[in-house]
Amino acid sequence: MQVGIDQIGFYTPNKYVDMVDLAHARNEDVDKYLIGIGQSQMSVADQTQDAVSMGINATQYLPQIDREQVGLLIFGTESGVDQSKSASLFVKSALNLAPEVRTFEVKEACFGMTAGVMIARDYVRLHPYHSAIVIGSDLARYGIGTSGEVTQGAGSVSLLIKANPRILTLNDGHSAFSQDVNDFWRPNNSATALVDGKYSTQVYLDFFQRTFTDYQKLKKLQTSDFTALIYHLPFTKMGLKANRLAIADQDEATSELLATNFTTAACYGRVVGNIYTASLYLSLLSLLENSILPADALIGLFSYGSGAMGEFFSGKTVANYEKMLNPSGTKKLLQRRQKLAIPEYERIFTTALSDPIDGTTLISDEEAGYWYFAGTKNRIRQYRQK
Ligand code: CAA
C-alpha cells in the first residue's frame, strides 16, 4: 500500500513588501536583495493573521476532506500562540473534526512540519482507513532594520496524508542528522528570532551534504535518479547553494534538469518569503504547480530546522497529480495581496508583534482570510469566520 500526499492547501496574508522598496529604504543595493539573497517580495501578516488563523485558512483550501476518516491532526509551528494549548485544537474545532481525533503541536524550528509528515506517514501505514492532516504555519520575523529583515515572510501549508494518495507517494526510509547548535533561536520573551545567519547557512549546507549522501547510500541511488531536489528555503539563495553542491559533479543533462526544477520550486518562496516549517512544502507546491512532471518522477526533499535537525527523504509523483492542484487559485491568492509602502509595513509589523489589549475586538480586512484572530476575551483567544 502506498501512503503520501493526497491534497495540498496554502494560505498567505493579503499584504506584501516589495524588496526593491525595502532595499531603497535600507540603503542597500537592490541586487543584493534580488540576486544576492534571492527574494523579490515578502508577505506581511497583520494582527488578525496569526499561525492558527493562517493554518485554518490553508486547511480550508484542501479540496476535499472526508471528516469521518481523519484520525490525526498535527500542527507544526515555531510561532505558537500558547505555551500549553496546542494550536491544532483551534483548527480541529474550526473544521468540526470528530472528538476521537488525536491532535497536538510539534516544534523543532523549521523541521516541525516534516516531523508531522513522518508521524502521519507511519500512522496511516498502521491505520490505512484513516487519514491525517499536517499543518505548518509560521510568521518569520527578525525585526525592522535587522540583517534578517529581507528574509521574513508569513504563510501556511496544509497536507492531507492518506493511503493511495493522488499527488505524491512518500517512499520508505529517510536519513536524519541532528546536533545541538545555536544558529537560530527565539527566546520565550521575544517575538522576533535571533540568528547567526552566516553560521546557519554553513550548518544547513553541512547537514544537506551529510543527509543527501547518506540517503543515496541507504537507497542505492545516484543524483541522476532524481527529477528534482527541493529544499527548505529561508531565502532562495540558501537552497541554491545546496543545489549547486548537489549538481557540482553531474553530467550536463542532470545538472540542467535539477537546476531548472530548483528554480521552478523556488518561485513561490521568492515572493512569499520564509514561512519556516511549511517552506519545504511551499517548494513542493511551486514545483508541482509550475511544471509538468511525468508519473513516478523521483523528488528528493531536504528539510532543515535550526538548532539543528536535518532530514532527507523522497517521494514519487502520482499519474494525473495536476488534477488535485489549483495553480490559478494560488495565483489569485498571491495577486490579491496589497503592496505596502515601507512606513505602513513598519506600522503593521510592529503592531502585530503583540496581542491587542484583552477585550478589544479586531476587525479583519476583506481580502484577508476567511478565518481570523479577533482578539482575546478573558485572555482566551477568539477565532472568527467572516
Ligand atoms: N549584487 C549581487 N549580490 C550581492 C550584492 C549585489 N550588489 N551585494 C551583496 N550581494 C550578495 C553577497 O555576495 C552574498 O552572497 P553569498 O551569500 O553568495 O556570498 C549575499 O548577497 C548576502 O550578502 P551578505 O552576506 O553581505 O548579507 P548580510 O550580511 O546582510 O546577511 C543573511 C544575509 C545572512 C542571509 C541575513 O539576511 C540573515 O541572517 N538572514 C536570516 C537567515 C536565516 O533565516 N537563517 C536560518 C535559516 S533556517 C531557518 O529558516 C530557521 C529555522 O529553522 C526556523
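Numbering of ligands and ligand atoms starts at 1, following listing order. Side-chain atoms are counted along with the backbone in the values below, which use heavy atoms only and exclude waters and symmetry mates.
The shortest separation from a heavy atom of E149 to ligand 1 is not under 4.0 Å, leaving the residue out of contact. Judged by the shortest distance from any of its heavy atoms, Y142 lies inside the 4.0 Å radius around the atoms of ligand 1.
Distance check on atom 12 (C) of ligand 1: every protein heavy atom falls at or beyond the 4.0 Å cut-off. Closer than 4.0 Å to atom 24 (P) of ligand 1 lies at least one heavy atom of the protein.
Among residue pairs with one or both ends in residues 110-125, those qualifying as side-chain hydrogen bond (donor to acceptor under 3.5 Å, both in side chains) are T114-Y281, T114-S303, R125-D172; sequence neighbours excluded.
Looking at ligand 1, you'll find an N or O of C110 within less than 3.5 Å of one of its N or O atoms. Residue-to-ligand polar distances keep E78 apart from ligand 1: every N/O pair is separated by 3.5 Å or more. Taking only nitrogen or oxygen atoms, main chain and side chain alike, Y276 does not reach within less than 3.5 Å of ligand 1.
In terms of protein heavy-atom proximity, atom 20 (C) of ligand 1 is closest to G36 O, 3.5 Å. Regarding atom 42 (C) of ligand 1, its nearest protein heavy-atom neighbour is F235 CE2, 3.8 Å. Atom 29 (O) of ligand 1 has its closest protein heavy atom at K198 NZ, 2.8 Å. Of the protein's non-hydrogen atoms, I37 CD1, 3.9 Å is the one closest to atom 22 (C) of ligand 1. Nearest protein heavy-atom neighbour of atom 38 (C) of ligand 1: G148 CA, 3.9 Å. Counting protein heavy atoms only, atom 50 (O) of ligand 1 is closest to H232 NE2, 2.8 Å. For atom 15 (O) of ligand 1, the closest heavy atom belonging to the protein is K237 NZ, 3.4 Å. Among protein heavy atoms, the minimum distance from atom 48 (S) of ligand 1 is reached at S306 OG, 3.4 Å.
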Stepwise ring pair (Phe, Tyr, Trp, His ring centres under 6.0 Å) check, F184 with Y304: CA-CA 12 Å; F184 168 109; Y304 177 78; 9.4 Å; no

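Interface atoms of ligand 1 facing T151, defined by a heavy-atom separation under 4.0 Å, are 37 (O), 40 (N), 41 (C). Counting the atoms of ligand 1 from 1 in the order shown, those under 4.0 Å from a heavy atom of D31 are 1 (N), 2 (C), 3 (N), 6 (C). Listed by number with element, the atoms of ligand 1 under 4.0 angstrom from any heavy atom of D29 are 7 (N). Atoms of ligand 1 lying under 4.0 Å from at least one heavy atom of N274, given by number and element, are 50 (O). Residue M238 approaches ligand 1 through these ligand atoms, each under 4.0 Å from one of its heavy atoms: 47 (C). Below 4.0 Å from some heavy atom of G197 lie the following atoms of ligand 1, by number and element: 34 (C), 39 (O). Against a heavy-atom cut-off of under 4.0 Å, Y304 is close to the following atoms of ligand 1: 48 (S). Close contacts between ligand 1 and G305 involve ligand atoms 53 (O) [criterion: under 4.0 Å to a heavy atom].
Within the set S147, S79, G112, G38, the minimum heavy-atom distance to atom 36 (C) of ligand 1 is found for S147. For atom 17 (O) of ligand 1, the nearest non-hydrogen atom from the set K32, K241, E28 belongs to K241.
For the 3.5 Å distance criterion, the side chains of T12 and R337 fail to qualify, holding no donor opposite an acceptor. A donor-acceptor pair shorter than 3.5 Å cannot be found between the side chains of T77 and K107. No side-chain donor from either of E68 and Y129 sits under 3.5 Å from a side-chain acceptor of the other. Defined by atom type and a distance below 3.5 Å, a donor-acceptor pair is present between the side-chain atoms of N14 and Q49. Under 3.5 Å, the side chains of Q69 and S131 contain no donor-acceptor pair of N or O atoms. A side-chain donor-acceptor contact under 3.5 Å links S88 and T103.
By the criterion of a heavy-atom distance under 4.0 Å, neither the backbone nor the side chain of F111 is placed next to ligand 1.
Between the side chain of Q41 and the backbone N or O of M19, no donor-acceptor pair lies under 3.5 Å. T264 places no side-chain N or O within 3.5 Å of a backbone atom of S291 that could act as its donor or acceptor partner.
Between S137 and M54, the closest heavy-atom pair is OG-CB, 3.6 Å. Heavy atoms only, all atoms of each residue included: S224 and T254 are closest at CB-OG1, 3.5 Å.
Considering F177, Y231, Y215 in turn, Y231 is the only one that fulfils the ring pair (Phe, Tyr, Trp, His ring centres under 6.0 Å) rule with F208.
Between F312 and H174 the shortest side-chain heavy-atom distance does not fall below 4.5 Å.
The other residues sharing a hydrophobic cluster with F373 are V52, I56, L62, I65, V70, L73, F75, V81, F90, V91, L95, L97, V101, I133, I135, L160, L362, Y370, W371, Y383, where clustering joins ILVMFWY side chains under 4.5 Å apart.
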